[in-house]
Amino acid sequence: MATRNRTRSRRGTAREGGTYVAPVLDPNWHSPYEPSAGERHANAVALRRYAVRRKTPAAVVVGIAVVVLFALFSVSWWFPILGVALGALYTWDLRRSVVRIERQGQRLGPLLRESLREAGTHADRARLDTLIERLGPTFGLSDVKGVVAEDPVYNAALVPDPSGWSLFVTLGALHELDLVELEGMIAHVMARHRLGQLGRQSAAAVAVNLSAEARRELSGPGSAYRADEVAAAAIRYPLGLAGALRRCATQSVPADSFFAGEVYAATCGVWFNRASGRGPDVSELDDVTLRAASLEEW
């Protein structure tokens with residue numbers, strides 16, 4: 001009798017609460033702090049579109065020439081063949097131009113080596129190498145050579161070069177930032193690689209005849225803010241990265257610093273702090289003060 005009562009009780013509970021359904025994880029769920037294939041693709045496409053836009057005047061001329069040649073079919077059947085050949089030649093040249101622009105960012109490493117004087121003791125370089133070894137695998141990086149640059153301004157940049165990657169960190173950052181702040185700074189520039197941002201940013205840095213606004217557009221407005229999110233999630237300590245940003249926001253830039261010169265103005269898109277020496281502007285998504293405040297709210 002007691003057994004029947006317990007059975008009825010359980011059945012009653014099941015009827016009252018409904019049928020139990022085991023929780024199932026959504027296979028399509030994607031963490032917002034993980035770089036997606038779509039983001040990487042969008043950054044790659046942005047660079048290709050820039051390469052194609054540079055060839056637009058030539059495309060217009062070739063297009064008109066092809067139309068004219070096809071229109072001359074009544075004169076001779078050779079003209080359409082010449083039109084097809086001209087179109088194929090232009091397509092080949094366009095593809096070659098796109099590949100060349102995608103690779104031109106490799107010139108940035110040597111350019112920065114010429115503009116920044118390498119400094120630091122053996123202990124400084126060993127400390128930087130240790131951080132690279134610890135963080136590199138997290139962001140899918142290998143063949144990264146650390147370079148300690150002699151400059152008191154807090155900044156860092158990861159850039160491509162013909163032999164792999166060069167990670168530039170200023171002596172000021174290496175000596176004066178706390179370990180968690182320095183780790184956050186390096187994680188940020190490595191997160192740009194994971195997001196696929198470095199191709200377009202490096203190309204913008206070495207491109208000639210580009211206005212400051214065109215460089216900014218090619219580099220990707222708001223991309224530093226996004227890299228902060230990815231970096232902070234990877235190292236699991238957003239306050240370290242926020243601390244580095246706060247330090248950058250309060251630092252003044254000496255007149256003889258690299259970060260007060262023309263090379264930095266052209267290459268600022270690849271640096272941790274894109275606006276060294278400029279005052280805060282919280283209307284700008286990549287402003288270091290705004291980025292720090294966002295991380296502190298996590």
Side-chain angles (χ1 to χ4, degrees), residues 105 107-121 123-125 127-128 131 145-159 161 166-178 181-182 184-186 188-189 192 198 201-225 227-228 241-293:
R107 304 202 314 263
L108 185 54
L111 172 64
L112 292 181
R113 288 178 188 276
E114 292 175 3
S115 305
L116 287 160
R117 192 158 69 90
E118 195 165 352
T121 64
D124 292 328
R125 291 188 288 274
R127 184 186 185 203
L128 178 56
L131 286 167
K145 178 177 174 53
V147 181
V148 180
E150 185 172 12
D151 201 292
V153 175
Y154 313 141
N155 225 326
L158 176 69
V159 301
D161 62 33
S166 291
L167 176 58
F168 292 84
V169 177
T170 60
L171 197 60
L174 201 61
H175 281 181
E176 298 185 32
L177 297 189
D178 295 340
E181 294 171 341
L182 187 61
M185 177 181 280
I186 293 174
H188 168 94
V189 296
R192 295 189 185 196
L198 290 181
Q201 291 172 354
S202 300
V206 299
V208 296
N209 301 325
L210 274 186
S211 65
E213 182 59 31
R215 286 185 194 276
R216 179 177 175 275
E217 189 63 30
L218 179 56
S219 294
S223 56
Y225 186 95
D228 284 341
L241 178 51
L245 290 164
R246 287 290 183 193
R247 294 245 201 170
C248 290
T250 58
Q251 187 182 36
S252 59
V253 177
D256 60 347
S257 168
F258 165 82
F259 299 96
E262 294 182 359
V263 176
Y264 169 69
T267 65
C268 63
V270 302
W271 290 92
F272 173 76
N273 183 4
R274 294 182 169 190
S276 284
R278 296 203 297 255
D281 180 9
V282 293
S283 65
E284 170 60 51
L285 194 59
D286 290 327
D287 177 73
V288 289
T289 303
L290 178 64
R291 289 161 58 191

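What you are looking at is a predicted structure, and each value in this text was computed from that prediction instead of being measured. In this chain, numbering begins with 1 at the start of the sequence shown.
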Point-to-point distance, once rounded to the nearest 0.5 Å, from CG of L167 to NZ of K145: 11.0 Å
Heavy-atom pair of closest approach, residues A119 and L171: CB-CD2, 4.5 Å
Minimum heavy-atom distance T289-A249, with the two atoms named: OG1-CB, 3.6 Å
Close side-chain approach of H175 to D124, heavy-atom, < 4.5 Å: yes
P110 and D161, any side-chain heavy atoms less than 4.5 Å apart: yes
Sidechain-backbone polar pair: D151 side chain, T170 backbone, donor-acceptor under 3.5 Å: no
Any side-chain heavy-atom pair of V153 and P254 under 4.5 Å: yes
Check: A204 main-chain N/O paired with R215 side-chain donor or acceptor under 3.5 Å: yes
Smallest separation among heavy atoms of A227 and H188, with atom names: CB-CE1, 3.5 Å
Distance under 6.0 Å and angle within 45° of ring axis: R247 vs F272: no
Heavy-atom pair with the smallest gap, counting every atom of L285 and G222: CD2-CA, 3.7 Å
Minimum heavy-atom distance between Q201 and V270, given as atom pair plus value: O-CG1, 3.6 Å
Separation of D287 CG from C248 SG (nearest 0.5 Å): 11.0 Å
CG on L174 to CG on L131, rounded to 0.5 Å: 8.0 Å
Minimal non-hydrogen separation, E176 against Y154, with atom names: OE1-OH, 2.6 Å
Interatomic distance, R113 atom CZ to S115 atom OG [nearest 0.5 angstrom]: 12.0 Å
pair S276-N155: side-chain heavy atoms closer than 4.5 Å: yes
Qualifying residues under side-chain hydrogen bond (donor to acceptor under 3.5 Å, both in side chains), relative to D178, sequence neighbours excluded: none
Step-by-step salt bridge (Lys or Arg N to Asp or Glu O under 4.0 Å) determination, R278 to E284: CA-CA 12 Å; R278 296 203 297 255; E284 170 60 51; over 6 Å; no
Ring pair (Phe, Tyr, Trp, His ring centres under 6.0 Å) partners for F168, two or more places apart: none
Close side-chain approach of D228 and L245, heavy atoms under 4.5 Å: yes
Set of residues satisfying ring pair (Phe, Tyr, Trp, His ring centres under 6.0 Å) with respect to F259, sequence neighbours excluded: Y264, W271
Interatomic spacing from CD1 in I186 to CD in E181 - rounded to 0.5 Å: 12.5 Å
Any donor-acceptor N/O pair, R125 side chain to G146 backbone, under 3.5 Å: no
R274 side chain to S223 side chain, donor-acceptor N/O pair below 3.5 angstrom: yes
L182 and R127, any side-chain heavy atoms less than 4.5 Å apart: yes
